[in-house]
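Written out below as structure tokens is the structure these notes cover.
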Amino acid sequence: MAQIERTKMAAGEWYTCLDDELEALRVIARDALFEHNSLPPGQRGNLGPSLKALLGSAGEGARIEAPFHCAYGFNVFLGDGSFLNAGCTILDTAPVRIGERTLLGPNVQIYCAEHHKEAAGRQAGLEIAKPVEIGDNAWIGGSAVILGGVSIGEGAIVGAGAVVTRDVPANTTVVGNPARPIKQR
């Protein structure tokens with residue numbers, strides 16, 4: 001029996017995103033995001049109710065400012081006191097774990113999906129999903145881009161506009177494209 005695309009996605013294998021089940025899951029996420037992004041801040045609180053129910057987990061005091069976008073939501077795990085500023089996008093085809101008291105600046109982008117390198121594979125919707133992990137007390141500067149398969153250590157700082165293509169050790173500051181360390185703290 002052939003694996004369904006969601007199972008392949010979860011296993012980190014090549015899958016096609018042009019799948020009816022995956023599209024149905026993205027529709028559920030879009031509805032939750034519409035609610036979150038449309039509610040007045042006083043009614044929304046830290047997380048819109050549908051988005052909070054959709055997320056893999058949301059720790060005590062975790063907050064996402066509107067607007068926010070994610071692909072599925074169920075692969076997003078927020079630690080206690082984590083904060084995502086306005087305009088963040090998480091393409092959570094794989095688990096994205098954001099540590100306690102970690103701050104994401106405006107317009108931070110996290111991309112777990114990697115498209116096929118061959119044009120025919122891209123046309124067929126082939127992707128592979130790679131997880132992202134951000135440790136506790138990290139700070140990701142505005143408009144930073146974090147690619148799939150990357151781990152960012154506890155207390156690390158990613159400078160604004162950096163493109164993170166490889167792991168960042170704990171308590172390290174990285175800047176640039178591609179992101180490179182500037183000092184150990």
Side-chain angles (χ1 to χ4, degrees), residues 6 9-12 22 25-113 129-160 162 164 166-174 179 185:
R6 182 176 180 182
M9 181 176 82
L22 292 177
L25 293 169
R26 290 189 296 267
V27 168
I28 292 168
R30 286 193 294 267
D31 288 344
L33 292 165
F34 180 80
E35 177 194 75
H36 174 82
N37 292 331
S38 300
L39 281 171
Q43 290 178 7
R44 179 182 64 237
N46 287 343
L47 295 163
S50 296
L51 180 58
K52 186 173 184 175
L54 183 65
L55 294 178
S57 67
E60 185 70 32
R63 180 177 184 86
I64 299 177
E65 290 291 344
F68 172 67
H69 178 78
C70 62
Y72 297 100
F74 56 76
N75 275 326
V76 176
F77 302 86
L78 304 176
D80 293 346
S82 59
F83 176 78
L84 282 63
N85 211 327
C88 287
T89 295
I90 301 177
L91 300 184
D92 61 315
T93 55
V96 174
R97 299 184 187 282
I98 298 172
E100 295 182 5
R101 298 168 306 282
T102 287
L103 309 174
L104 274 63
N107 301 310
V108 168
Q109 315 291 302
I110 300 174
Y111 304 143
C112 294
K130 298 179 179 180
V132 169
E133 179 132 6
I134 305 173
D136 296 342
N137 300 303
W139 176 23
I140 312 301
S143 297
V145 175
I146 301 168
L147 299 184
V150 168
S151 291
I152 297 173
E154 182 173 346
I157 297 173
V158 174
V164 183
R166 23 182 132 160
D167 291 350
V168 177
N171 301 310
T172 300
T173 299
V174 298
R185 295 191 320 274

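Below, all heavy atoms of this structure are taken into account, side chains as well, without hydrogens, waters or symmetry copies. This structure is a prediction, so every number in the text was calculated from the model and none was measured.
Annotation: Arg166, atom CZ; neighbour count of heavy atoms from other residues, nucleotides and ligands within 6.0 Å does not exceed 12.
Using a 4.5 Å cut-off on side-chain heavy atoms (C-beta onward), Val96 and Asn75 make no contact. Side-chain contact between Ile90 and Ile98: present, with at least one pair of heavy atoms (C-beta onward) separated by less than 4.5 Å.
Among all heavy-atom pairs drawn from Gly48 and Glu35, the shortest one is C-OE1, 3.8 Å. Nearest approach of Leu91 to Ala71, heavy atoms of both residues: CA-CB, 4.2 Å. Shortest non-hydrogen contact noted between Leu47 and Ala58 is CD1-CB, 3.6 Å. Residues Gly105 and Cys88 approach most closely at O-SG, 3.4 Å, considering heavy atoms. Closest approach of Ala156 and Pro169 over heavy atoms only: CB-O, 3.8 Å. Looking at every heavy atom in both residues, Ala138 comes nearest to Thr102 through N-OG1, 3.1 Å.
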Please report, to 0.1 Å, the donor-acceptor pairs under 3.5 Å made by any side chain of residues 79-86, with sequence neighbours excluded.
from  : atom 1 : to    : atom 2 : distance (Å)
Asp80 : OD1    : Glu60 : N      : 2.8
Ser82 : OG     : Gly79 : O      : 2.9

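Without hydrogens or angle criteria, Ser38 side chain to Phe34 main chain gives a donor-acceptor distance under 3.5 Å. In this structure, Asp92 contributes its side chain and Tyr72 its backbone to a donor-acceptor pair below 3.5 Å. No donor-acceptor pair under 3.5 Å is formed between the side chain of Glu65 and the backbone N or O of Arg63. For Ser151 (side chain) and Asp167 (main-chain N/O), no donor-acceptor pair under 3.5 Å exists by modelled atom type.
Just one of Val158, Ile146, Ile110, Ile64 meets the side chain to side chain contact (heavy atoms under 4.5 Å, CB included) condition when paired with Leu104; it is Ile110.
For Glu100, there are no side chain to side chain donor-acceptor pair (under 3.5 Å) partners at least two apart in sequence or on another chain. Among residues two or more places apart in sequence or in another chain, the side-chain contact (heavy atoms from CB on, under 4.5 Å) test is passed with Leu33 by Asn37, Leu51, Phe68, His69, Cys70.
Distance CD/Gln109 to OG1/Thr89: 4.0 Å, rounded to 0.5 Å. Separation of atoms CE (Met9) and CG (Leu25) is listed at 7.5 Å; rounding is to 0.5 Å.
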